[in-house]
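Take a look at the structure set out below.
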2 protein chains.
Amino acid sequence: MIRVLLAEDQAMVRGALTALLSLESDIEVLGSAADGESAWRELQRLKPDVLVTDIEMPGLTGLEIAQRVRRHELPVKVIIVTTFARPGFLRRALDAGVGGYLLKDAPAENLAEALRTVHRGGRAIDPQLALEAWSDADPLNDRERQVLRLAGEGQSASEIGAQLNLSHGTIRNYLSEAIGKLGAANRIEAYRLARQKGWL
Amino acid sequence: MIRVLLAEDQAMVRGALTALLSLESDIEVLGSAADGESAWRELQRLKPDVLVTDIEMPGLTGLEIAQRVRRHELPVKVIIVTTFARPGFLRRALDAGVGGYLLKDAPAENLAEALRTVHRGGRAIDPQLALEAWSDADPLNDRERQVLRLAGEGQSASEIGAQLNLSHGTIRNYLSEAIGKLGAANRIEAYRLARQKGWL
DNA sequence: ACCCCCGGGTGACGGTTGTCACATCCGCAC
DNA sequence: GTGCGGATGTGACAACCGTCACCCGGGGGT
């Protein structure tokens, strides 16, 4: 019997996934959590074999939980199930030692299958995504990432500078570099590109 | 017996929702579709009592399907189930005469409940969202919406102008108006604001 | 015929952005 | 210490952006 904890913020999807997994005779859903913190608490209380978690959740993200699990050496496998086919996310997930990374686009049967694979020590990584993940690395450094994020919220160079205690000229230099590295035409395009790669 | 067709692009969520609804003894899931066009075809082939559809799908969106249903006077109720708590979306959905509008944040039991309500002729609208929907209306006209959308993709005024056969000066005028109407500081902020309201 | 509104355009203004070359400072290797 | 590299600033330039006042032409009303 595979004992599972489910973390997913959208209640309807959470309920639906629970129903889906409960159909499998060798899987038992111990419980579910709607945000990162409670997932972390339930993880320690219920001691499941496998944690199935979304990435984007209030509080802790699924990636952060995976990192914590590794750091505390908890005996639980982690499977990420997410909407986002972003190479950067998979990259970080693998660095955090997750057992599986599935897309919500994948057929529903894959989930139970992946659960079994991971439970017996294997890995279940979405194959087409695995390729992309190693193809191109994040070219941005911390400053560029930081500045690009703020620029993407509509802030001007001066506003960003004020926030980071840097001169507006420096901000423009960083933005210019980021735009160049990403092959974009302006900050807006750069932001979108970086975002869809999972780099921001 | 309530006969249901399900339209949802993410396969895993689609499978999970099917599992969820199949647990109910008075509900029968006739089939499901992964995009707007096939949902529309299945709708005519299977003639379900109720269509449960996501909004964001490839091809036709759920809102467009609802509009078509109304235009063709098909004898099917439509329930929108979406991630997006955007007043503008609900507004358009109601204009299209949908029977229900639920958020994926809502508890899973609500879905079956809403299905029954709508099937017997009632309406199931997320209550807190219903309030917001009438609070503030979309101030943008078609041109502004169109231009803002393109600007949000990183295109310059000249590029947008070329695409719409308008002069770059006119584009700037539209953007300026949109920025003003939304109380934003620049096009980036305007885009974000409009987007999160569901106006784009 | 008259007026007025509406979609579109123009030209000018000051500010912002993107780019580049160069300057400064600090820390670290040798 | 010398030298180098990274992080931060500066100043200049052209292009772009946001704003505004104003112009034009074509429908509707009346």
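We name chains A, B, ... by the order of the sequence lines, and we start the count at 1 in each one.
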* Sequence neighbours left out, what passes side chain to side chain donor-acceptor pair (under 3.5 Å) with Asp142(B)? Give chain and number order. => Arg145(B)
* Structure fact -> 5'-most to 3'-most nt of DNA chain D touching chain A (<4.0 Å, heavy-atom partner on protein side) reads dA7(D) to dA12(D)
* To do: For residues 15-34 of chain A, pull every pair meeting salt bridge (charged side-chain N to carboxylate O under 4.0 Å, His left out), keeping only residues two or more places apart or in separate chains.
  => Glu24(A)-Arg116(A), Asp26(A)-Arg116(A)
* Asked: Who else is in Leu23(B)'s hydrophobic cluster (ILVMFWY, side-chain heavy atoms under 4.5 Å, direct or via others)?
  -> Leu23(A)
* **salt bridge (charged side-chain N to carboxylate O under 4.0 Å, His left out) partners of residues 51-60 of chain B, not counting sequence neighbours, each pair once** => Asp54(B)-Lys104(B)
* Neighbour count above 12 (heavy atom, 6.0 Å) for Gln44(A) CD -> yes
* Taking protein heavy atoms under 4.0 Å as touching, what does nucleotides 7-19 of chain C look like 5' to 3' if B marks base contact, S marks sugar-phosphate-only contact and - marks none? -> SSBB-B----BBB
* **Arg187(A) vs Ile188(B) side-chain heavy atoms within contact, under 4.5 Å** => yes
* Establish, from distance only, whether the side-chain atoms of Glu144(B) and Asn141(B) form a donor-acceptor pair under 3.5 Å. => yes
